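I have placed the structure first, in the form of structure tokens, so that the comments after it can refer back to it.
Chain letters run A, B, ... following the sequence lines, proteins first and then strands; every chain starts at 1. Not measured: the values here are computed from a predicted model.
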Number of protein chains: 2
Amino acid sequence: MRLVIARCSVDYAGRLSAHLPLATRLLLVKGDGSVLVHSDSLSYKPLNWMSPPCTVAVIEPDADQAKAGVSEVWRVAQAKTADLLMISIHEILHDSSHELGFDPGLSKDGTEAHLQKLLAEQIELLGDGFTFVRREYMTAIGPVDILAKDVSGRSIAVEIKRRGDIDGVEQLTRYLELMNRDPHLAPVAGVFAAQEIKPQARTLAEDRGIRCVLLDYDAMRGMDDSHSRLF
Amino acid sequence: MRLVIARCSVDYAGRLSAHLPLATRLLLVKGDGSVLVHSDSLSYKPLNWMSPPCTVAVIEPDADQAKAGVSEVWRVAQAKTADLLMISIHEILHDSSHELGFDPGLSKDGTEAHLQKLLAEQIELLGDGFTFVRREYMTAIGPVDILAKDVSGRSIAVEIKRRGDIDGVEQLTRYLELMNRDPHLAPVAGVFAAQEIKPQARTLAEDRGIRCVLLDYDAMRGMDDSHSRLF
DNA sequence: ATGTCTATCTCGCTC
DNA sequence: GAGCGAGGTAGACAT
């Protein structure tokens, strides 16, 4: 990993065009060749960047550029697309390289996948007598998070989100429309289950006869066998 | 901006929980107090981070941590939420600070906003006799990109995308449904305009009586007065 | 390789 | 502050 602090201007041409005027910024060149341009604020997101696989070539400035004070130009090219990043460097204020080695990566807890697993194990949270059929039930337009049956044996398609948004209701609606055309499944009812459901999403769902259920992740994890075994 | 290369482990607790085992990483502390943890690969996205406003407190390791080789702990706390990032530092391999100053920021060209502006000026691209009414026409469920009228005076709702996907058709469908309930507007027809329209999106749109129009950004920019004035 | 879906999505805008 | 939509969305996972 190479860290460069430099006064530079940046031009990107690819899916759109973008330009950064001359200013002092951090140029971060990673081990895989990718490049990030960061300013001193607006966390998280680089101002500009190039994803791997890409190549960095340092080229001499032409006469006009040299006259404008450019000492070197980095030509960062994507290997698979035509995306191009040109970094015109006026002055390098810091330049250091560091060997970081392998990173074991991030482990997460509390994602939608965890919610889905817990709800599959605790399907009775949706109602007395509910039974679990399967997770990731495949349809022609994608997998339904959970397929279950209610106490009367009717099929229930469950869409799970951490934050229940209008998009999730549209998604479930498409699944229900398709599944209700299948005589082996129909009639299929929908349940929209999430840790948080936005008012607009709830309104749209209930307008379409889809039941909304709020999930309490901590309570569900507390009920989880594999977890409670630790205590 | 402070750049630290350190052997560290990281724990995040907030919207989810996450853990990074001991490894060498870049810790980037920005002028606004935000912190980014980057590894040597997987560009763009930090492994872990804290967005501003947040505070960084350097605290002494407790007895167990000190025994495990921790020399200092950074406690990064979000000011508005309960999010917490704990960085346990075992060894600092590099540490430098740099004054970057103001960044004028990024200017873009070729976004959906540009397409929308150009189409508003060249609304006749949708058909002879079409007239422009307004951009960002507000409805209860969000703004319609362009409201226009056809040659017969019927209202036309236009949804613009750079890449026309099924989501965009759903979005326009929701607007049309709502607007057609308004007696002052109804009947409203829909036009789905994009630089590229996916076959699935086209099929869905046409099935719903929504007309699809392909936009040529370069040609539209060539027609633009403010642009052609340059030549 | 391609498509689909999630995201501590981020970011900007409007009401 | 909440809601809504765009993003060079990126990144993960399945086909």
Side-chain angles (χ1 to χ4, degrees), chain A residues 11-18 34 36-37 41-52 78 80-85 105-106 108-116 136 138-145 159-163 165-168 170-171 174 195-196 198-201 203, chain B residues 10-18 34 36-37 41-52 54 78 80-85 105-106 108-116 135-145 159-163 165-168 170-172 174-175 198-200:
Chain A
D11 285 278
Y12 164 77
R15 276 165 284 187
L16 55 64
S17 302
S34 57
L36 285 77
V37 180
S41 59
L42 294 170
S43 190
Y44 187 84
K45 214 178 155 169
L47 288 168
N48 230 320
W49 71 96
M50 189 62 79
S51 303
Q78 238 289 338
K80 315 193 80 174
T81 69
D83 289 25
L84 188 63
L85 193 66
L106 191 66
K108 291 182 183 180
D109 178 32
T111 61
E112 183 187 315
H114 289 96
L115 267 182
Q116 190 188 115
E136 303 285 354
M138 275 307 303
T139 73
I141 56 171
V144 177
D145 288 341
E159 178 66 35
I160 300 172
K161 297 285 179 196
R162 281 198 314 114
R163 281 156 70 173
D165 209 341
I166 210 161
D167 284 359
E170 297 285 17
Q171 195 179 336
R174 287 198 298 272
Q195 284 183 275
E196 176 197 346
K198 296 275 175 69
Q200 298 256 12
T203 302
Chain B
V10 183
D11 286 276
Y12 166 76
R15 277 165 284 186
L16 53 67
S17 302
S34 57
L36 284 75
V37 181
S41 59
L42 292 168
S43 192
Y44 190 85
K45 203 179 166 173
L47 289 168
N48 229 320
W49 70 95
M50 189 62 77
S51 302
C54 64
Q78 237 289 339
K80 313 191 81 170
T81 69
D83 289 26
L84 189 63
L85 193 66
L106 189 67
K108 293 181 181 180
D109 178 33
T111 61
E112 184 188 312
H114 289 94
L115 268 181
Q116 189 188 114
R135 287 169 63 186
E136 303 286 356
Y137 176 82
M138 278 305 305
T139 72
I141 54 171
V144 177
D145 287 342
E159 178 64 37
I160 298 172
K161 295 286 176 195
R162 284 197 305 126
R163 275 147 61 176
D165 210 342
I166 210 163
D167 284 0
E170 298 284 17
Q171 194 180 338
L172 179 53
R174 288 197 300 273
Y175 291 143
K198 297 274 174 71
Q200 287 205 345

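- Ser43(A) comes within 4.0 angstrom of sugar-phosphate atoms only, judged by non-hydrogen atoms across all strands, and of no base.
- Rounded to an integer number of Å, the gap from OH of Tyr44(B) to P of dA7(C) is 17 Å.
- Position along DNA chain D of the nearest nucleotide to Pro52(A) versus Ile166(A) favours Ile166(A) as the more 5'-ward residue.
- Here the C1' atom of nucleotide dA10(D) and the CG atom of Leu36(A) are 12 Å apart, to the nearest Å.
- dC11(C) and dA7(C): their C1' atoms are spaced 14 Å apart (whole Å).
- Between dT8(C) and Gln78(B), no contact under 4.0 Å exists linking OP1 or OP2 to a side-chain N or O.
- Judged as a side-chain contact (heavy atoms from CB on, under 4.5 Å), and not counting sequence neighbours, the contacts of Pro46(B) are Tyr44(A), Leu36(B), His38(B), Trp49(B).
- Residue contacts for Met50(B): at a heavy-atom cut-off of 4.0 Å it reaches no nucleic acid atom on any strand shown.
- Where Met138(B) and Arg174(A) each meet DNA chain C at their nearest nucleotide, the meeting point lying more 5' is that of Arg174(A).
- Note: Arg163(B) CZ to Arg15(A) CZ = 7.0 Å, rounded to the nearest 0.5 Å.
- Rounded to whole Å, atom P of dA12(D) lies 10 Å from atom CG of Leu47(B).
- In this structure, Glu170(B) CD and Ile166(A) CD1 are separated by 10.5 Å, a value rounded to the nearest 0.5 Å.
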Using the 3.5 Å cut-off, write out each protein N or O paired with an N or O of nucleotides 1-4 of chain C and the distance between them.
none

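- Contact annotation: Trp49(B) side-chain N/O to dC9(C) OP1/OP2 distance is not under 4.0 Å.
- Rounding to whole angstrom units, CG of residue Asp167(B) and C1' of dG7(D) are separated by 13 Å.
- Across the P atoms, dC5(C) and dG8(D) are found 22 Å apart, a figure rounded to whole Å.
- At distances below 3.5 Å, not a single donor-acceptor pair connects side-chain atoms of Gln78(B) with backbone N or O atoms of Met50(B).
- Remark: Arg163(B) is not in phosphate contact with dG8(D), judged by side-chain N or O atoms under 4.0 Å from OP1 or OP2.
- In this structure, NZ in Lys161(A) is found 5.0 Å from CD in Glu112(A), a value given to the nearest 0.5 Å.
- You'll find that the side chain of Asp83(B) is closest to dT8(C), out of dT10(C), dG8(D), dT8(C).
- Going from atom CG of Leu16(B) over to atom NZ of Lys108(A) covers 6.0 Å, rounded to the nearest 0.5 Å.
- Side-chain nitrogen and oxygen atoms of Arg15(B) include none within less than 4.0 Å of the OP1 or OP2 phosphate oxygen of dT6(C).
- Leu47(A) CG to Ser41(A) OG: the interatomic distance, rounded to the nearest 0.5 Å, is 8.0 Å.
- Counting to the nearest Å, the P atom of dA6(D) and the CD1 atom of Ile160(B) are 10 Å from each other.
- Comparing Leu42(A) and Lys108(A) by the nucleotide of DNA chain C that holds the closest heavy atom to each, the one mapping nearer the 5' end is Lys108(A).
- The CD atom of Glu112(B) sits 12 Å away from the P atom of dG8(D) (whole-angstrom rounding).
- Between Asp145(B) atom CG and Leu115(B) atom CG the span is 10.0 Å, to the nearest 0.5 Å.
- Side-chain N/O atoms of Lys161(B) include one lying less than 4.0 angstrom from OP1 or OP2 on dA6(D).
- If you measure from atom CZ of Arg162(A) to atom C1' of dA7(C), you get 7 Å, rounded to the nearest angstrom.
- One can place CD of Gln116(A) at 13 Å from P of dC5(C), the figure rounded to the nearest angstrom.
- Glu136(B) comes within 4.0 angstrom of no nucleic acid atom, judged by non-hydrogen atoms across all strands.
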